[in-house]
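Below is one structure, written out as structure tokens, with a few remarks after it.
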Amino acid sequence: ASIGVSIISNPKMEASSFIKEADIAMYEAKVQGRNGIIFFNDELAKRVEWKLEIERLLHFSLEDNEITLNYQPQYNSENEIIGCEVLTRWDNEKLGDVSPTEFIPISEKTGFIIELGYHILEESFQMLNHWEEKGIYLDQMAINISMRQLFHHTFLYDVKELCDKYLTKEQRSKIVFEITETSVAEDVKQLIINMRILQDYGIRFSMDDFGTGYSSLSYLRQLPINEIKIDKSFVSELNNTQGQEERSFIEAIFAIAKNLRLNIVAEGIENEEQQKFVVGQKCDILQGHYFSQPLKDYEFEKLFLDAKQVEHKAL
Ligand code: C2E
Ligand code: MG
Ligand code: MG
């Protein structure tokens, strides 16, 4: 059971407000994993208000050009940039920078993710094409996709339309859709059908935050996945002295991925020790602050082209 409690401190409090507060507290108890008791308080009230404000302002974010895309470089084991992950940013006049960990779940809840997701896809596809015109050739561009988006009745059509408009066949094979196992929907059958249709367009799939859900292995067996991304929480434990368990865990994930012939990405690499460890495991792709933060498009271009020049000189 999830229980929300509101204390009547003001005897003139309306019954409806009292019930509403208890309801908000109960909802919070559910969000925190159920089976708990939460008391309504000012902090909770502020958080609810903040979320409502995000919900309201998010609605104007696209027309006000407040949404931008960042690109975090992905490297191979030889320290060459081979791809990027698209990460969305929202800078609002009133709220400032809002993290995607806040606005993405809200836009999923309200359905705004459909409009937002379309915009992200369109801009990413255009960027991939634009970069090739500038001599920036990547092996892959990873885009995060919400389940709600993947299941929306226009999604397959939208992706096809955008592919036809902006990408050649070869470019389409560079697109990777990242899905998270925590959000893999109830309807796994339909999910597989949709994934297969998208794979027919050339698009590949990556299982993001691998290892954090409840059914990683079962999904890995069922879904037509091409790549897995080990969650950064495992990587961050690597240089902990008690990290032996994490090391064994990561080694096991690498063994599974190798056997299933899946590409493997380690995200959240923050230091040399972590980098060395995953390279030792024959990790295909590395990503994290140790290499680079997520960058603005022109910063990414500069980083890529500068690195290419150094390579040329070395030759
Ligand atoms: P994610 O897809 O797992 O993305 C990786 C997150 O780790 C990003 O956070 C990235 O900035 C951060 N990161 C990268 N390197 C490091 C590192 O070395 N150390 C640490 N501690 N963190 C690192 P960000 O950009 O805040 O995004 C958070 C989450 O929001 C993403 O997690 C993804 O689930 C979601 N998200 C972001 N952009 C989009 C989007 O366009 N669409 C959808 N559906 N979700 C998105
Ligand atoms: Mg991701
Ligand atoms: Mg991740």
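Read the numbers this way: they start at 1 and go in the same order the structure lists the ligands and their atoms. We number each residue from 1, following the sequence as shown.
- The closest approach between any non-hydrogen atom of E108 and ligand 1 is not below 4.0 Å.
- For ligand 1, the atoms closer than 4.0 angstrom to any heavy atom of Q72 are 14 (C), 15 (N).
- Within the 4.0 Å heavy-atom criterion, both parts of T88, backbone and side chain, lie near ligand 1.
- Near S146, the atoms of ligand 1 lying under 4.0 angstrom from a non-hydrogen atom of the residue are 44 (N).
- Looking at E108 and S146, their side chains do bring a donor and an acceptor atom within 3.5 Å of each other.
- Put simply, the side chain of Q274 gets close to the backbone of V235: a donor and an acceptor are under 3.5 Å apart.
- Checked for salt-bridge contact, E55 and K109 meet the test: a charged N lies under 4.0 Å from a carboxylate O.
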Between E53 and R56, is a salt bridge (charged side-chain N to carboxylate O under 4.0 Å, His left out) present by the stated rule, with each step listed? CA-CA 5 Å; E53 197 63 351; R56 191 176 68 82; 3.1 Å; yes
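- The Mg ion (ligand 2) has an N, O or S atom of D208 inside 2.8 Å of it.
- Within a 4.0 Å radius of atom 34 (O) of ligand 1, the protein has no heavy atom.
- At least one protein heavy atom sits closer than 4.0 Å to atom 4 (O) of ligand 1.
- In terms of heavy atoms, L305 sits closest to K134 at CD2-O, 4.1 Å.
- By the 30° and 60° cut-offs, the orientation of the rings of W131 relative to F300 is parallel.
- At a 4.0 Å heavy-atom cut-off, ligand 1 touches E267 through the side chain alone.
- The nearest N/O/S atom of D209 to the Mg ion (ligand 3) is OD1.
- Under the 3.5 Å distance criterion, with hydrogens and angles disregarded, a donor-acceptor pair is assigned to the side chains of E28 and Q32.
- Scanning the protein heavy atoms around atom 20 (C) of ligand 1, the nearest turns out to be E270 OE2, 3.3 Å.
- Q199 places a side-chain N or O within donor-acceptor distance of the main-chain N or O of P224, the cut-off being under 3.5 Å.
- The nearest N, O or S atom of E267 is closer to the Mg ion (ligand 3) than 2.8 Å.
- Atoms of ligand 1 found under 4.0 Å from any heavy atom of P294 (numbered from 1 in listed order, with element): 11 (O).
- In terms of polar-atom proximity, R89 is counted as a contact of ligand 1, with an N or O under 3.5 Å from an N or O of the ligand.
- Minimum heavy-atom separation, L238 to R247: O-NH1, 2.7 Å.
- For N70, no heavy-atom contact with ligand 1 is shorter than 4.0 Å.
- Taking CZ from R47 and CD1 from I24, the interatomic distance works out to 11.5 Å, rounded to the nearest 0.5 Å.
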Going through the distances and angles, do E66 and S61 end up as a side chain to side chain donor-acceptor pair (under 3.5 Å)? CA-CA 5 Å; E66 292 177 346; S61 61; 5.4 Å; no
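- In terms of protein heavy atoms, atom 31 (C) of ligand 1 is closest to L87 CD2, 4.4 Å.
- Residue K232 has at least one N or O atom closer than 3.5 Å to an N or O atom of ligand 1.
- Of the heavy atoms in N144, both backbone and side-chain atoms come closer than 4.0 Å to ligand 1.
- Nearest residue to atom 23 (C) of ligand 1 from E102, H289, Q293, Q274 is H289 (criterion: closest heavy atom).
- Remark: at the Mg ion (ligand 2), atom OD1 from N144 and atom OE2 from E85 enclose 90°, rounded to the nearest 10 degrees.
- For the Mg ion (ligand 2), the nearest N, O or S atom contributed by E178 is named OE1.
- Here E299 contributes atom CD and Y71 contributes atom OH; the two are 12.0 Å apart, rounded to the nearest 0.5 Å.
- For atom 28 (C) of ligand 1, the nearest non-hydrogen atom of the protein is T101 CG2, 3.6 Å.
- Shown in contact with D208 at under 4.0 Å from a heavy atom are these atoms of ligand 1, numbered in order with element: 1 (P), 2 (O), 3 (O).
- Ring pair F155/F177 is tilted by interplanar angle, where 30° to 60° counts as tilted.
- With rounding to the nearest 0.5 angstrom, the CG atom of N35 is 9.0 Å from the CD1 atom of I3.
- Ligand 1 does not have Q287 within reach: every non-hydrogen atom of the residue lies 4.0 Å or more from it.
- Distances from atom 18 (O) of ligand 1 to the protein include at least one heavy-atom value under 4.0 Å.
- At the shortest separation from atom 26 (O) of ligand 1 among protein heavy atoms lies P100 CG, 3.5 Å.
- Using modelled atom types, one finds no donor on one side chain facing an acceptor on the other under 3.5 Å when comparing E267 with Q72.
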